[in-house]
Amino acid sequence: MAWHKVATTTEIGDEEVIGVEVGDSQIAIYRLGDDFYATSNICTHAFAFLSDGYIEEGCVECPLHQQLFRISTGEALEGPAEEDLKTFPVKLDGEDILVEV
């Protein structure tokens with residue numbers, strides 16, 4: 001596993017999510033206040049990009065299936081998915097957001 005720069009802190013507003021690709025991995029990068037998180041960008045129920053989803057109260061809602069996932073842990077909450085999202089470690093280097101993939 002290696003650290004990869006995926007964005008800068010100025011590219012993501014509070015309560016926002018962006019999608020990035022690192023190698024073959026589709027990853028969603030979230031900002032909640034001063035904290036940044038990374039999960040798989042693909043819903044575990046059926047194919048949909050979570051970066052097109054909605055952020056509310058620390059959760060992301062799949063834009064197609066209304067599945068809710070807790071952003072900090074990837075835990076599948078309400079909805080049809082039975083599998084949690086994969087999460088990735090995140091660290092900041094100045095304004096750079098790094099994800100370990």
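Being a predicted model, the structure only gives us computed values, none of them experimental. Residues take their numbers from the sequence shown, with the count starting at 1.
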Exercise answer: donor-acceptor pairs, residues 37-46 side-chain atoms, under 3.5 Å, sequence neighbours excluded:
| unit_1 | atom_1 | unit_2 | atom_2 | d |
| --- | --- | --- | --- | --- |
| Thr39 | OG1 | Tyr30 | OH | 2.9 |
| Ser40 | OG | Ile42 | N | 3.3 |
| Asn41 | OD1 | Leu50 | N | 3.2 |
| Asn41 | OD1 | Ser51 | N | 2.7 |
| Asn41 | OD1 | Ser51 | OG | 3.3 |
| Asn41 | ND2 | Ser51 | OG | 3.1 |
| Thr44 | OG1 | Glu83 | O | 2.6 |

Considering only distance and modelled atom types, tabulate donor-acceptor pairs under 3.5 Å from the side chains of residues 61-73, sequence neighbours left out.
| unit_1 | atom_1 | unit_2 | atom_2 | d |
| --- | --- | --- | --- | --- |
| Gln67 | OE1 | Ala81 | N | 2.6 |
| Gln67 | NE2 | Glu78 | O | 3.1 |
| Thr73 | OG1 | Glu75 | N | 3.2 |

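Of all heavy-atom pairs between Val17 and Ala28, the closest is CG2-CB, 3.9 Å.
Its side chain within the 4.5 Å cluster rule, Ile97 clusters with Val6, Ile12, Ile18, Val20, Val22, Ile27, Ile29, Phe36, Phe88, Val90, Leu92, Val99, Val101 among the Ile, Leu, Val, Met, Phe, Trp and Tyr residues. Cluster partners of Trp3, using a side-chain heavy-atom cutoff of under 4.5 Å among ILVMFWY residues and allowing indirect links, are Leu98.
Taking the side-chain hydrogen bond (donor to acceptor under 3.5 Å, both in side chains) definition, one finds that Lys5 meets it with Asp96, sequence neighbours left out.
Among residue pairs with one or both ends in residues 8-24, those qualifying as side chain to side chain donor-acceptor pair (under 3.5 Å) are Thr8-Thr10, Thr8-Glu11, Glu21-Gln26; sequence neighbours excluded.
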